[in-house]
There are 2 protein chains.
Amino acid sequence: MTSIRALPTLTAPVEDYLKVIFELEAGDGVAGTNEIAAELGVAPASVSGMVRRLAEHGLITHERYRGVHLTKAGRRAALRTIRRHRVIEAYLTRALGYPWDLVHDEAERLEHAASDELIDRMAAAIGEPTTDPHGAPIPTREGTLDEPELLPLAAVEVGVRVRVQRVGDRDAEQLRYLAELGITPGRQIEVLSRAPFEGPISLRIGRVTKTIGPGLAKQILVAVR
Amino acid sequence: MTSIRALPTLTAPVEDYLKVIFELEAGDGVAGTNEIAAELGVAPASVSGMVRRLAEHGLITHERYRGVHLTKAGRRAALRTIRRHRVIEAYLTRALGYPWDLVHDEAERLEHAASDELIDRMAAAIGEPTTDPHGAPIPTREGTLDEPELLPLAAVEVGVRVRVQRVGDRDAEQLRYLAELGITPGRQIEVLSRAPFEGPISLRIGRVTKTIGPGLAKQILVAVR
DNA sequence: AGACAGAGTTAGTCTTGCCTAACTTATTCC
DNA sequence: GGAATAAGTTAGGCAAGACTAACTCTGTCT
Ligand SMILES: [Mn+2]
Ligand SMILES: [Mn+2]
Ligand SMILES: [Mn+2]
Ligand SMILES: [Mn+2]
């Protein structure tokens, strides 16, 4: 039995905090104050303040000095914002010809202003997309997220052929470079060689060969075969 | 010689105040505290506070107890927001099939979050519209606004044939009713009769006859012939 | 001229969200 | 086990933007 409680419209900063906490928790299992601060570009002390408020509103639980976890309500709100963000990114590229390196910043603001109605119309207009332009899966209206297991390209053995599934979308410059290299979701890649000690990685992309650093290779998520 | 000064990104409330002041000034020649407060749904004291801040930032001039006027910079900012608002309304109806009674509220939020880039792409995608769905003219990118002289339907003589140019867009309910009556921009109407003392007005709309009150008729702006 | 209504302002308070500086806790390392 | 270090928190401030209550203009009406 679920009690339907109208969420009392969250502010833009609150939505951004929840989103970041969701993503950190998915990675580490727990979200730390400094991590959240770094991700949002605010001072750690500001995070402590917000964490108190989020806990008071029942969106997270907080163990002092131990990190935070989303509650059911917090997780729901986070997934709603993530859905909005990714639908907006998908719509901007597919319907308005936006380049994939610009959509993130735009979506970062619009995600707080668009109504559910608008998000649904956008999604419908481009055929209910399941991923955003960077390959990130889009949560459903109902708040379920199907996150497939993916491998960072940096961890793929030499000789293996993989398909690009998803790339990091925070850095616009990096996205432009990836596009230039031809590394976009759906692309087939073969790892030709890997220098030891975190050295450069050679790739065959289509019929050309390119070499990238391991840092970049960590941002490229692939599926084998 | 114009000095190019980057406006230090205005907040959403500031943009809304400037928009409202622009519209009141266009009407009365001056914007009063209480008018602004009523328009924004805020206490008059809140307006006094904001007015001080806007004046400090050089967006308005303020004579105590006398009302406010936009400066050049304030007018420019107001027109920018109005352009955004109307382009968004036009885009939502033309590209996403939004009904005309819902676009205002949506645009009221999105106008503060969309980049100039996005507004330009939206405008381009629907063929550089010159009016919004309610017939309001859209300011140009350069900040000029061509506001044609229009007559409220309430002031039209019996027997005169007019064309609907623009309708008030604040009240969603009213917009639904107007749509039901068939009173939308572009529509031809003939005034059949007007009862005295602010009485009801009979109209021929297409081949049907409808009667409306004078309050509603003030919200309908028309051009003769 | 004086009174009064309406418009506008001031004073004081609240919440949100941010900051820096100083402090406390947890962990790690010798 | 105790010191160093990293992580996290508290204290104290600030600006924006809202509120209520109390005060002050301004203009009008007699
Ligand atoms: Mn955001
Ligand atoms: Mn993305
Ligand atoms: Mn607005
Ligand atoms: Mn409109």
Side-chain angles (χ1 to χ4, degrees), chain A residues 7-21 24-25 27-70 74 77-78 81 108-109 111-113, chain B residues 7-21 24-25 27-70 74 77-78 81 108-109 111-113:
Chain A
L7 342 167
T9 32
L10 307 172
T11 64
V14 165
E15 290 184 335
D16 283 335
Y17 272 88
L18 294 175
K19 228 175 43 169
V20 160
I21 292 168
L24 290 171
E25 220 181 329
D28 300 25
V30 70
T33 301
N34 283 1
E35 290 175 309
I36 298 169
E39 211 64 35
L40 289 170
V42 300
S46 306
V47 174
S48 286
M50 180 61 96
V51 157
R52 189 174 35 69
R53 257 169 289 149
L54 293 177
E56 281 167 10
H57 289 243
L59 294 163
I60 60 172
T61 57
H62 178 219
E63 254 186 298
R64 267 163 103 256
Y65 292 99
R66 281 271 143 72
V68 305
H69 290 276
L70 292 176
T81 308
E108 200 55 59
R109 297 186 310 273
E111 64 190 354
H112 312 293
Chain B
L7 344 166
T9 31
L10 308 173
T11 63
V14 165
E15 289 184 336
D16 283 335
Y17 272 89
L18 294 175
K19 228 174 42 170
V20 161
I21 293 168
L24 289 172
E25 219 182 329
D28 300 25
V30 71
T33 301
N34 282 2
E35 289 175 310
I36 298 170
E39 210 65 34
L40 289 170
V42 119
S46 306
V47 174
S48 286
M50 179 61 96
V51 157
R52 189 175 34 69
R53 256 168 289 149
L54 292 177
E56 281 167 9
H57 290 223
L59 294 162
I60 60 172
T61 55
H62 179 220
E63 253 186 299
R64 268 162 102 256
Y65 293 98
R66 280 276 145 69
V68 305
H69 289 278
L70 293 176
T81 307
E108 200 55 60
R109 297 185 311 271
E111 63 190 356
H112 313 293

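No hydrogens, no waters, no symmetry mates; every other heavy atom, side chains included, goes into these values. Note on naming: letters A, B, ... go to the chains in the order of the sequence lines (proteins, then strands), and numbering restarts at 1 for each one. This one's a predicted model, so the numbers in the text were calculated from it and none came from an experiment.
In this structure, A:Leu18 places its CG atom 11 Å from P of C:dG17, rounding to the nearest Å. A:His112 has its NE2 atom 15 Å from the C1' atom of C:dT16, to the nearest Å. Here the C1' atom of nucleotide C:dT16 and the CG atom of A:Leu59 are 15 Å apart, to the nearest Å. Atoms CG (A:Leu54) and C1' (C:dT15) sit 14 Å apart, rounded to a whole Å. Look at CD1 on B:Ile36: it is 12 Å from P on D:dA18, rounded to the nearest Å. Taking atom CZ of residue A:Arg52 and atom P of nucleotide C:dC18, one finds them 13 Å apart after rounding to whole Å. Taking atom CD of B:Glu63 as the reference point, atom C1' of C:dT9 lies 15 Å away to the nearest angstrom. Separating the CG atom of A:Leu40 from the P atom of C:dT16 is a distance of 18 Å, rounded to the nearest angstrom.
Here B:Lys19 does not pair with B:Glu39 in a salt bridge; the nearest charged N to carboxylate O distance is not below 4.0 Å.
To the nearest 0.5 Å, atom CG of residue A:Asp16 and atom CE of residue A:Met50 are 9.0 Å apart. The distance from the OG1 atom of A:Thr33 to the CZ atom of A:Arg64 is 11.0 Å, given to the nearest 0.5 Å. Going from atom OH of B:Tyr17 over to atom CG of B:Leu10 covers 14.0 Å, rounded to the nearest 0.5 Å.
For the side chain to side chain donor-acceptor pair (under 3.5 Å) with B:His69, the qualifying choice from B:Glu63, B:Glu25, B:His62 is B:Glu25, the only one to do so.
Look at B:Ser48 and you won't find any side-chain N or O under 4.0 angstrom from OP1 or OP2 of C:dT10. Distances shown here put a side-chain N or O of A:His62 below 4.0 Å from the OP1 or OP2 atom of D:dT9.
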Are any protein N/O atoms closer than 3.5 Å to N/O atoms in nucleotides 13-17 of chain D? If there are, list each pair with its distance.
residue : atom : partner : partner atom : Å
D:dG17  : OP1  : B:Thr11 : OG1          : 2.3
D:dG17  : OP2  : B:Arg53 : NH1          : 3.1

Point to revise | Worked check of side chain to side chain contact (heavy atoms under 4.5 Å, CB included) between B:Ile21 and B:Ile60 | key: CA-CA 9 Å; B:Ile21 293 168; B:Ile60 60 172; 4.2 Å; yes
Exercise for review: Determine, stepwise, if the pair B:Val14 / B:Leu59 fulfils side chain to side chain contact (heavy atoms under 4.5 Å, CB included).
Suggested key: CA-CA 10 Å; B:Val14 165; B:Leu59 294 162; 4.2 Å; yes
Practice item. Could you walk me through whether B:Ile36 and B:Val68 pass side chain to side chain contact (heavy atoms under 4.5 Å, CB included), step by step? Key: CA-CA 10 Å; B:Ile36 298 170; B:Val68 305; 4.2 Å; yes
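The main-chain N or O of B:Ala12 is never found under 3.5 Å from a side-chain atom of B:Glu15 such that the two would form a donor-acceptor pair.
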Check your understanding: How would nucleotides 19-27 of chain C be written as a contact map, 5' to 3', with B for base contact, S for sugar-phosphate-only contact and - for no contact, using protein heavy atoms under 4.0 Å?
Key -> BBB--BSSS
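A:Glu111 and A:Thr81 make their closest contact through OE1-CG2, 3.7 Å (heavy atoms, listed as atom of the first residue, atom of the second, distance). Here the shortest heavy-atom pairing between B:Leu24 and B:Ala31 reads CB-CB, 3.9 Å.
Note on B:Gly67: nothing from the nucleic acid sits closer than 4.0 angstrom, heavy atoms only.
With the end axes of the helix from C:dA1-D:dT30 to C:dC30-D:dG1 each set by five pairs, the angle from one to the other reads 10° at 10° resolution.
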